[in-house]
Chemist: 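Handing you this structure, nothing more for now.
Quick caveat: nothing in here was measured; it's all calculated off a predicted structure. Residue numbers count from 1 along this sequence. What's counted below: heavy atoms across the whole structure, side chains too, no hydrogens, waters or symmetry copies.
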Amino acid sequence: MPVDVLLGLQWGDEGKGKIVDVIAPRYDVVARFQGGPNAGHTLEFNGKRVVLHTIPSGIFRDGVINIVGNGVVIDPVTLKKEIEYIESQGVDIRKRLFISRKAHLILPTHRMLDAASEALKGKSKIGSTLRGIGPAYMDKTGRNGLRAGDIESKDFISRYKALTEKHSELLTFMKYQSPNSESERDFFEGVELLRSFKLVDSEVVLNNYLNSRKKILAEGAQGSLLDIDFGSYPYVTSSSTITAGACTGLGIPPTSIRNVIGIFKAYCTRVGSGPFPSELNDETGERIRRQGNEFGSTTGRPRRCGWVDIPALRYACMINGVTHLAMMKSDVLCGFEQVGACVNYFYEGEKTGIMPFDIVHREVRPDFRMLRGWKEISFAGNFNSDFADYISFLEKEIGVKISFISTGPGREEIVVKEEMAV
Ligand code: GDP
Ligand code: IMO
Ligand code: MG
């Protein structure tokens, strides 16, 4: 059976967690393929609100296996907290969760290196989540990292010490403090819990599932505009957030991928620094933040808000091969007299509908088209006409059909406009 990939098309926080939770029962397996606890995926059901950072968003669905793939970076401290919370909800997580031996570990010193690097950057800081993501991926590509499977080996402690000594030297050079014993104790408590878990060669497990015709959903973190190659570099995260990342982050063949579900908000947000052409630094932006409760799920930071950015969405659909769109948080825009969409950019004296190479050092301004807003969202076979017009406008501009429309944070608040064959 093929793999379906679900990922964000903007700067993260599009609502991936919610959609994974909604569609997980259609699959046998949900697998996270990149990122780490920089992610915060929110699920709302039975009056509960849960934010997941490392564990896939299919974990609350009976009969669904969840896999943390090799492309993920794991902080044992965060993972332990997540596991304990999920267990406290009566979920037998040990039966449902497998963790890749090849996933790299985030050490306490990675978190400190993240903070030190941001401090050194001063005004041009990335606005990272300070979860140690960049330094952990640097150690992975620099061929220094420790992997989850290494905790099973006898010399794990000495390898940990060797790596943290290197980090301590770097931290001294960066004039930053060394890790304290408390953070190391938390780390080793997390490692202990990880040891009691099922570590697997997830690429083998997943390919076996594929061969036995199981249905797999690959869950992305962050968003395409934060991708290390195609995002607004250097204001990006350190992993491959796009469809191709599902292949390297899970060890599945490109030919196994079928549906690619791209998630976007009916408007746009960004948290952290970096360019945001359709940002609204005015009362309208404030209103979106207020109505959309746009505060980070991981760090609580206020998210920057703006209108939907169509050239960016087209670009994201292109690099991901998006086959189905899911539009989130349309309800947040209810009551706006008019709703805007950035249809082109003004860039280097020209109007362009194509994402330019450099939007960091060169000015890019939005060409907004204003459309009629909607008072409410109702669905009886069709949506109310003003909202339906917005949907048709976006589908035409982006060139992909919107299959799912989310109208609230809850599991049930979803309209399937076009069925997706699974
Ligand atoms: P993720 O990182 O892509 O999973 O998204 P986050 O969980 O960080 O942020 C999305 C936020 O929007 C969460 O608080 C969700 O509960 C909420 N949410 C998701 N879909 C909808 C929706 O359609 N309407 C509203 N109002 N909130 C939504
Ligand atoms: P989910 O999966 C939104 C942003 C940070 C920062 C940049 C780099 O919940 O959508 P990092 O800690 O990765 O080095 O930070 O990326 N960022 C996110 N923004 N949602 C996320 O994840 C993010 N993960 C990282 O704010 O600008
Ligand atoms: Mg999030």
Side-chain angles (χ1 to χ4, degrees), residues 8-15 223-226 231-232 235 262-294 302-318 322 325-377 383-400 402 405-406:
L9 299 178
Q10 296 165 323
W11 277 287
D13 301 330
E14 296 88 351
S224 305
L225 306 179
L226 286 170
S232 45
Y235 296 98
I263 318 269
F264 71 103
K265 282 177 188 165
Y267 47 96
C268 193
T269 63
R270 171 162 207 169
V271 59
S273 334
F276 181 178
S278 63
E279 183 169 14
L280 295 167
N281 286 309
D282 57 12
E283 176 45 37
T284 310
E286 284 287 335
R287 185 172 169 199
I288 298 176
R289 182 176 312 117
R290 213 170 39 242
Q291 292 188 193
N293 193 23
E294 291 296 352
R303 295 176 182 145
R304 298 155 63 191
C305 298
W307 296 129
V308 76
D309 182 337
I310 288 167
L313 281 176
R314 266 201 303 265
Y315 180 76
C317 286
M318 175 184 79
V322 170
L325 287 169
M327 181 161 77
M328 313 300 291
K329 303 191 89 162
S330 330
D331 54 299
V332 170
L333 298 183
C334 284
F336 277 74
E337 202 58 21
Q338 285 192 309
V339 168
C342 168
V343 286
N344 286 299
Y345 301 131
F346 294 109
Y347 183 74
E348 305 269 276
E350 279 179 27
K351 198 150 114 170
T352 175
I354 294 169
M355 174 71 90
F357 164 68
D358 186 3
I359 61 169
V360 173
H361 305 99
R362 289 182 236 180
E363 199 198 18
V364 55
R365 283 184 301 109
D367 173 15
F368 284 135
R369 167 109 38 106
M370 298 311 292
L371 299 118
R372 208 174 48 251
W374 51 91
K375 283 204 175 58
E376 40 144 41
I377 295 177
F383 284 103
N384 42 310
S385 67
D386 33 13
F387 182 53
D389 287 349
Y390 187 63
I391 297 172
S392 317
F393 165 77
L394 290 179
E395 285 181 333
K396 191 158 155 277
E397 289 284 327
I398 303 168
V400 184
I402 302 178
I405 305 233
S406 175

Chemist: To the nearest 0.5 Å, tell me how far Thr284 OG1 sits from Tyr267 OH.
Modeler: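 If we round to the nearest 0.5 Å, Thr284:OG1 and Tyr267:OH are 14.0 Å apart.
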Chemist: So how far is it from Arg369 CZ to Asn344 CG, rounded to the nearest 0.5 Å?
Modeler: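 Between atom CZ of Arg369 and atom CG of Asn344 there are 8.0 Å.
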Chemist: Over all heavy atoms of both residues, which pair between Leu225 and Leu9 is shortest? Give the atoms and the distance, please.
Modeler: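 For Leu225 and Leu9, the tightest heavy-atom pair comes out as CG-O, 3.7 Å.
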Chemist: Give, for atom NZ of Lys351 and atom CG of Asp367, the distance between the pair rounded to the nearest 0.5 Å.
Modeler: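 These two atoms lie 4.5 Å from each other.
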Chemist: Looking only at non-hydrogen atoms, find the nearest pair between Asn281 and Glu279 and report the distance.
Modeler: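 Of all heavy-atom pairs spanning Asn281 and Glu279, the closest is OD1-OE2, 3.3 Å.
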Chemist: So, the side chain of Arg287 versus the backbone of Asp282: is there a donor-acceptor pair under 3.5 Å, distance only?
Modeler: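 Not at all, since once roles are kept as given, no pair shorter than 3.5 Å links the two residues.
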Chemist: Given 3.5 Å as the limit, does a donor-acceptor pair link the side chain of Arg362 with the main chain of Pro356, or not?
Modeler: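 Pair absent, no side-chain N/O of Arg362 close to backbone of Pro356.
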Chemist: Identify which one of Ser278, Cys305, Pro275 satisfies the side-chain contact (heavy atoms from CB on, under 4.5 Å) criterion when paired with Arg270.
Modeler: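 When Ser278, Cys305, Pro275 are each tested with Arg270, the side-chain contact (heavy atoms from CB on, under 4.5 Å) holds only for Pro275.
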Chemist: Let me see the working for Ile310 and Phe393 under side chain to side chain contact (heavy atoms under 4.5 Å, CB included), right down to the final yes or no.
Modeler: CA-CA 10 Å; Ile310 288 167; Phe393 165 77; 3.7 Å; yes
Chemist: Applying side chain to side chain contact (heavy atoms under 4.5 Å, CB included) to Ser273 and Tyr235, what does each step give before you reach the verdict?
Modeler: CA-CA 7 Å; Ser273 334; Tyr235 296 98; 3.9 Å; yes
Chemist: Rounded to the nearest 0.5 Å, what separates atom CG in Leu325 from atom CD1 in Ile398?
Modeler: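 Here the rounded value is 5.5 Å.
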Chemist: With heavy-atom distances below 4.5 Å as the criterion, would you say the side chains of Phe264 and Ile402 are in contact?
Modeler: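 Counting from C-beta outward, Phe264 and Ile402 do come under 4.5 Å.
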Chemist: Between Leu226 and Gly12, what is the shortest heavy-atom contact and its length?
Modeler: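 Looks like CD1-N, 4.3 Å.
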Chemist: Listed by chain and number, what are the salt bridge (Lys or Arg N to Asp or Glu O under 4.0 Å) partners of Glu294, not counting sequence neighbours?
Modeler: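 For Glu294 the salt bridge (Lys or Arg N to Asp or Glu O under 4.0 Å) partners, ignoring immediate neighbours, are Lys265, Arg303, Lys329.
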Chemist: Check Asp331, Ile405, Leu333 against Phe387 for a side-chain contact (heavy atoms from CB on, under 4.5 Å) and give me the one that passes.
Modeler: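 Exactly one candidate clears the test, Ile405.
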Chemist: Tell me whether the rings of Trp374 and Tyr390 are parallel (<30°), tilted (30 to 60°) or perpendicular (>60°).
Modeler: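 Because their plane-to-plane angle lies in the 30° to 60° range, the rings of Trp374 and Tyr390 count as tilted.
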Chemist: Listing request: all ring pair (Phe, Tyr, Trp, His ring centres under 6.0 Å) pairs with a residue in residues 341-365, at least two apart in sequence or in separate chains.
Modeler: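 Qualifying pairs: none.
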Chemist: Gly306 and Phe276: which non-hydrogen atoms are nearest, and at how many Å?
Modeler: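 Taking every non-hydrogen atom into account, N-CZ, 3.6 Å.
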Chemist: Please say whether more than 12 non-hydrogen atoms of neighbouring residues, nucleotides or ligands are located less than 6.0 Å from CD in Glu350.
Modeler: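 Incorrect, the count does not exceed 12.
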Chemist: Under the criterion side chain to side chain contact (heavy atoms under 4.5 Å, CB included), I'd like the reasoning laid out for Trp11 against Val271: C-alpha separation, chi angles, the key distance, then a yes or no.
Modeler: CA-CA 8 Å; Trp11 277 287; Val271 59; over 6 Å; no
Chemist: Taking the side chain as every heavy atom from C-beta outward, state whether Pro302 and Arg289 have any atom pair closer than 4.5 Å.
Modeler: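 A side-chain contact under 4.5 Å exists here.
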Chemist: About how many Å separate CD1 of Ile263 and CD of Gln10, when rounded to the nearest 0.5 Å?
Modeler: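 Nearest 0.5 Å value for the CD-CD1 distance: 10.0 Å.
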Chemist: At what distance, to the nearest 0.5 angstrom, does CG of Asp386 lie from CD1 of Ile391?
Modeler: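 Result: 10.5 Å between the selected atoms.
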Chemist: Over all heavy atoms of both residues, which pair between Lys375 and Cys334 is shortest? Give the atoms and the distance, please.
Modeler: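 That closest heavy-atom pairing would be O-CB, 3.4 Å.
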Chemist: Can you name the nearest heavy-atom pair linking Asp389 to Arg372, along with the distance?
Modeler: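 Closest heavy-atom pair between Asp389 and Arg372: OD2-NH2, 2.9 Å.
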